[in-house]
Each structure stands twice: as structure tokens, then as C-alpha cells.
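In what follows, every chain begins at residue 1, and chains take the letters A, B, ... in the order their sequences are listed. Values below: every heavy atom of this structure, side chains too, minus hydrogens, waters and symmetry copies.
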Amino acid sequence: MASVPREQVSYDTSRRIRLFSNRNFLGFLFMVPAGLILLVFLTYPLGLGIWLGLTDVKVGRPGIFVGLENYEWLFRDHIFWLSVFNTMLYTVVASIVKFAIGLWLAMLLNRHLPFKAFLRAIVLMPFIVPTVLSALAFWWIYDSQDSVISWVLIEMGLIEETIDFLGQPNSARASVIAANIWRGIPFVAITLLAGLQTISPSLYEAAIIDGANEWQRFRSITYPLLTPIIAVVMTFSVLFTFTDFQLIWVMTRGGPINATHLMATLSYQRAIIGGALGEGAAIATAMIPFLLAAILFSYFGLQRRKWQQGGRDD
Amino acid sequence: MQRFSRRDILKGSASLAIGAAVASPALIQSARAWAAQSQWKPEQGAELRLLRWKRFVKSEGTAFQASVDAFTKATGVPVRIDSEGFEDLRPKAAVAANIGSGPDIIWGIHADAHLYPDAMMDVSDVCNYLGGKYGGWYPIAEEYGKRGDKWINVPFTISGNFLNYRISHMNKAGFEKFPDNTDDFLKLMQNLKKNGTPGGFALGNASGDGNAWTHWLLWSHGGKMVDENENVVIDSPETVAALEYARELGKTFIPGAASWLDGHNNKAFLQGAVSVTNNGISIYAAAVREGMTEIANDMDHAFYPVGPAGEPTEFHVMFPMMLYKHTKYPNAAKALTTWLMEKDRYNAFLQGSVGYLSHTMKAFQDHPVWTEDPKRLVYRDTAVRSRSFAHAGKLGYAASSVLADFVVVNMVAEAATGAKTPKEAAADAARRAERYYRV
């Protein structure tokens, strides 16, 4: 058996020891598993999606690279633009209302109320129910013949005919937005409540001693200390709303006449049911800039203090 | 205390599931006799996996399961049956074709075999044998089954979608029998509206009922998506005429039809809210099953009226058996498919389907299921009266995509609700269709 010279062994060992005591190398080593997971489960599918959007691949048939042709067609496709409009409207209106009601609810729940734990659990209900079930419930609530809302209003003598919730473009949009708001409020309310509970009561006591009124206390204590949570909550809320699929798919399938088609539902309809994987992927890819803009806005728009961006407050 | 292992429970539940549909000794006997003389001898150690759509009616599922069970007992080929909803079935069928693995047979929908013909087994021998024995295939079955001269799937059954109406409301609106032409049909709908008993047809993205009636409307006036050479010709005077008719018809609908998906009209009809709509036989079947005798006795079915085109222009949905080339046991797959379509088995299947599903071969035209209840009779002629959704072009990728993207449904809905003029709606549909039909 060949023997290894003693000098070389000690050289190899010392190099290994030096390498493993290098903080940068160790840091890199520990990040490799996480990096691999991100690469395999996030970067690859995203990259594949973007690539598919540049091809004319169909379900069951390989495609060829067609450059930006899918996007050129989409640019001239008024249904695509309608879905962009619907998605923006859906996201903006639903997110603002969810935030407003969610914050209000969180502040109410933050007070000393009887049955506090029970009430907080109740608020979570819409979030606990599977989306498809709540979508089915709304489907019945908005039914063109059997809507419970129409029935109550008719019985009260306020209207004579049933309300056509999902049959007219604008009322359909309002109806699906309302359903999304109902479903999204608990997430905003409970997360903001968690944020509110981290604010020390002594700050409020000091402010009261200084004679601050309720609005001043909200403006100068609650709001600034809540902004980091608001930024995170609104980022997630906007992302969930922008990419919503189930509520629309169960209630309207994008109808009437595509008035409630979101980019996500249109992408599914064209790619999976219609078989045009390339075009569907292009629609999905077209969502990315909007999502990035929403994330950047909440990070740089709402987290304006330096410590939130890794610096120190002066 | 008795203890159950996981295996025991699995075994128990499996036999429970099959229990309802186990083959009788006589059936097994006949399956053995059939297998002995069949030209397709299953391979040694063969086993099959069949994926089907979720059954409409329990009795159909039971009849199907019993036939498969008899096949297994006669040939020793175990068959695993999985079922999925339509929406999930089609992507799975496509993935199986793409990756060359998955179920051996998929009982699918529409003309999906034409999207990936290279993944399909050549079943010409099966179809020629069956067609020769049972009076031949209807032309619509050949259109769905064949690509060129080769059969690429077996057109197993076709589901009829016809007009459902309330007899007393029709009489009150001044009609003794259901109109057979589009002019009288419009008059009937207008009178029904005046009487406060309106009709209604799905205008939402309803893949079944929505596509069925809007294609009839377009074709009834001579409009069509493409010509024989696959040129998009939807933006035509005939289409505009059809959409002008749709505008008048739309005014007679019950409010809310613009949002209707496939289930809405069933519910509205059974509640007595609409007196005419289009549907499979499921509304009538539900009325009979649930003991709603007032509605069951007062309703009947009719063919779609014939329009200026001068011939029936109906669209019914095909459910073919797709045998995949990737199967390791092609003979077993062919044997099972053939066995299921032999006279006695197919008769039992039609009987179990109680009118939901119709035959694709001519010998079954006299099956008693169509005459034992005269209200089913209309559904007997499903295959005779159906056009393929690709009319007048060929089944394939473009036609399937146009159907899935609701181009015709949206066009008719735009015109019927007044959202666009007929001319605008037709021009827009043409632009959308060209996207799919371009080379």
C-alpha cells in the first residue's frame, strides 16, 4: 500500500481546518440546501413558465420558440386587457376595503371585551372555511333566482324582482369583490391585532398624560409602530387577491361575457382547458411585473424607516 | 376483541365498492364464452387501468362495473377503474399522452384523441369489427373516431342535449306542439315571456349547455366558424342574421341567464321558474327520481327547431374510449373495449343510462330504453342529428381551443344581452378564432 508523505497530510488537514473556520465559506455551505430548494422548486418552475410563454407549446404537442409572438397577440387581445383591468380593479378595491375593515376590527378586538377569545375565534371563521366552500356559499347567495338577499328584500317589500347579481358586468364585479373581501378580512384583522399587541401600553399612558386625544394617539403611536406589520400584511393581501382563482372559477367562470375574468382564470382557461400552454404561460408571466410592483411599493413605500431596511434610525 | 389490520379494512372496503356491481354467474358464463372466441387474447399477466368521467347516474355506473367485473373473472385481467370530473379528466388525458405513461384506457370527452393522435393506439380492427356486427357507425361517430382512414379512438357513446319544455305553459302560449322552426320558436318564447312564464338559456361560460345551444343557434342560420378548408368564416351575413335572432331571443329570457353556468337551468326548471331550456335528460330524470310528479308529467323534450339552414344543426357531446399506445397490454385493452360494446353489455349500459347517453351504432336504435318512456324518445336520435363542434372544418387543436375559450358562447352572449351589435360580436369572434386557426 502506498504511503502518503507526512507533510502533505498535515498540509491538507490544515487547509481543511482553515476552510471550515472561514465564516464566509461556512455561511455559503449552510445556505446551499436552502439555495437548492429555491432553485429546484421556485426558480426552475418560474423559469420554465417564462420559457413556455416564449413558445407555442400545446397540451400534448411540443412547441417551438416563437419569441414575443404570444405577447404580441395578447397585446391586441381585448379579452386579455379586460382581464388586466378586472384584476387591477379586483385587487385595488378589495385590498383597500380589506385593510380598512381589517384595521378597524383589529382595533376593536384589541380592547377589553367580554368573551374576547371567543370573538377573535369567530372573526377567523371566513378564513378557516375552505375557499371552494365559501365560493359555493356565495354562489347560492348570488343566485339569480334563489338569492337569499333577494328573497329577504322581496319579503320586506323593498324590491319586486330578484337581483341579478352575477348577470350584469358591473354588479358581477362588485359581487365577486365583496366575496373576496369577506374572505380576506380575517387575515388582515388577526395579523394587525398581533401587531397592535406588541405596542407597549406605557406609550399610550404617556400620551394620555400629555393630553393626546384618540386620533392623535392613533396617528402618532399606533400607526407608526404598526407600519412594519402593515407592510407585510398588505403585501400578502395584495398577492393573494391578485392571484385569486377559486372564488371566480366557482362563481362565474369569468362570465358574464368575461366581465369577471382575472388574469389567473384566463390563463387557466386558455392553457389547461384550451390547451394553449404557451399563451397561458404568457398571461401568467404578464402577472409578474404587476406583482413585483406591488411588492416593491409595500416594501419601499410603507417601510420608510431606515431600521426596517437594515439600517439604523438616527 | 376482534382487531382489524389496515389490509383487512382495505380489502373490506374494496369488496364493498364492487359489491354493488358484482357480475352475476350467468354474466360471467357469457363473458367466458365470449372471451374464448374473441380475436383479442389478453397478454399473459395483463392488467389494465381505466380512467373515466364521474358517472351521471348510479345505474349506469353499476351496469358498467358489472360488465368490467365479468371481464376480469372471465379473462383473469384485473381492471382498476378511477373516475374524475370532466375538468380534471382532460388535463390528465393530455398529460398521459405527453409523457407516454398513465392509464391504459381513458373514457374521455369530445375529440381529445385528435389533439394527440400519435399517442393513440390504432383501433381500426376493433371499430371495423363492431361496426360490421352492429349495423355500422353513425357518420358523427366516424368523424370523431377516425383520423384519415385510421380509427384513433372508439366513439363509445354520445350525450344528447335537447329542448326541455313545460307542456301546459306552451299550450297557454298558443302552441299545441313544440315549434319545429326558428320563427315559431321565437314566437313561443315571446308569448311565454308575456305570460310571465319565460324560458332561459345559459349565456355564462357553461361548457355543456352554453356551448350546445349557442352552436345550434349559429348553425341554424347557416353561420359557421370555418369552411371546409379551415378558413375562418364566422364574420358572415349568416352569423349576423343568427345574432340578430339571438338579440330578439335574449329579450325573452328570464333575468339572470347571462350568468348561468351548467347547473343553473336545471335548478330553475325544476323550481318552475323557467318553462323552456336546453339540457340533457337530467332535469326529467331528477323530476322522476325526486317524485316531482307535477313537473315530470307536465314536461317533455323536443328537437331544436330547424332554421334557415334547412336541416338539423345540433351539437351533442361525444364520450370516446381512448386506448393509449403506451399500454403494455394492447390486446387486453382492445378486448375490454370490445366486450363493453357487445350487444348484451351495451344494451345493459344503455338501460342503466336511462336516456343520458345514446348509442353510436345503428343496431341499437330500437333499444327499449327509448320507447318504454315516450319522453325519452327525442334523445334516441342524438347521434343522427349531431354535428361535430369543428363544423365545417376538421376536429383538432384549433376547433378544441375555440370551444374551450367560449368563442361562440361569448359571441352569442354579447349579441343577446346587447353588449355588442351583431356585427361587432361576429368580427370579434373572427379575430379570436383566427388566433387558433392560423397555421
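With rounding to the nearest 0.5 angstrom, the CZ atom of B:Arg438 is 4.5 Å from the CD atom of A:Glu69. If you take CG on B:Asp405 and CG on A:Asn258, they are separated by 8.0 Å, rounding to the nearest 0.5 Å. Between A:Phe165 atom CZ and B:Ser259 atom OG the span is 11.0 Å, to the nearest 0.5 Å. One finds the CG atom of A:Asn70 at 5.5 Å from the CZ atom of B:Arg435 (value rounded to the nearest 0.5 Å). Note: B:Trp260 CH2 to A:Leu166 CG = 13.5 Å, rounded to the nearest 0.5 Å.
A:Trp139 places a side-chain heavy atom less than 4.5 Å from the side chain of B:Leu261. Using a 4.5 Å heavy-atom threshold, the side chains of B:Thr417 and A:Ile257 count as touching. No side-chain heavy atom of B:Leu115 sits under 4.5 Å from any side-chain heavy atom of A:Lys58.
Looking at B:Ile99, neither its backbone nor its side chain comes within 4.5 Å of chain A, counting heavy atoms on both sides. Heavy atoms closer than 4.5 Å to chain B are found nowhere in A:Ile163, neither backbone nor side chain. Heavy atoms closer than 4.5 Å to chain B are found in the backbone of A:Val250, but not in its side chain. Residue contact with chain A, scored on non-hydrogen atoms closer than 4.5 Å, involves the side chain of B:Asp428 exclusively. When heavy atoms are compared at a cutoff of 4.5 Å, A:Asp56 does not approach chain B at all.
Within the 3.5 Å criterion, the main-chain N or O of A:Arg253 finds a donor-acceptor partner in the side chain of B:Asn205. Under the 3.5 Å distance criterion, the side-chain polar atoms of A:Gln168 are left unmatched by any main-chain donor or acceptor of B:Gly256.
Among the candidates B:Pro91, B:Pro255, B:Ala273, the residue making the largest number of heavy-atom pairs closer than 4.5 Å to chain A is B:Pro255. Considering only heavy-atom pairs separated by less than 4.5 Å from chain A, the leading option among B:Arg432, B:Met411, B:Lys420, B:Arg431 is B:Arg431. Ranked by non-hydrogen atom pairs under 4.5 Å with chain A, the options B:Val274, B:Asp112, B:Ile254, B:Val409 are led by B:Ile254.
More than 12 heavy atoms of other residues, nucleotides or ligands lie within 6.0 Å of CZ in A:Phe65, so this atom counts as buried by the packing criterion. With a 6.0 Å radius and a threshold of 12 heavy atoms from other residues, nucleotides or ligands, A:Phe236 has its CZ atom at or below the threshold. In A:Phe245, the CZ atom is crowded: over 12 heavy atoms of neighbouring residues, nucleotides or ligands sit closer than 6.0 Å. Within 6.0 Å of the CD atom in A:Glu160, the count of heavy atoms belonging to other residues, nucleotides or ligands does not exceed 12. Under a cut-off of 6.0 angstrom, the local environment of CD in B:Gln271 is crowded, with over 12 non-hydrogen atoms contributed by other residues, nucleotides or ligands.
For the residue pair B:Ala268 and A:Gln145, the shortest heavy atom distance occurs at CB-OE1, 4.1 Å. The shortest heavy-atom contact between B:Ala258 and A:Pro256 is O-CB, 3.5 Å.
Contacts between residues 273-292 of chain A and chain B, counted as heavy-atom pairs separated by less than 4.5 Å, involve A:Ile273, A:Gly274, A:Gly275, A:Ala276, A:Glu279.
For A:Asp143 and B:Lys267, the salt-bridge test passes: some basic side-chain N is under 4.0 Å from an acidic carboxylate O.
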Run the side chain to side chain contact (heavy atoms under 4.5 Å, CB included) test on B:Arg90 and A:Ile272 for me, step by step, so that the C-alpha distance in whole Å, both residues' side-chain angles and the decisive distance to 0.1 Å come before the verdict.
CA-CA 8 Å; B:Arg90 301 187 67 195; A:Ile272 304 299; over 6 Å; no
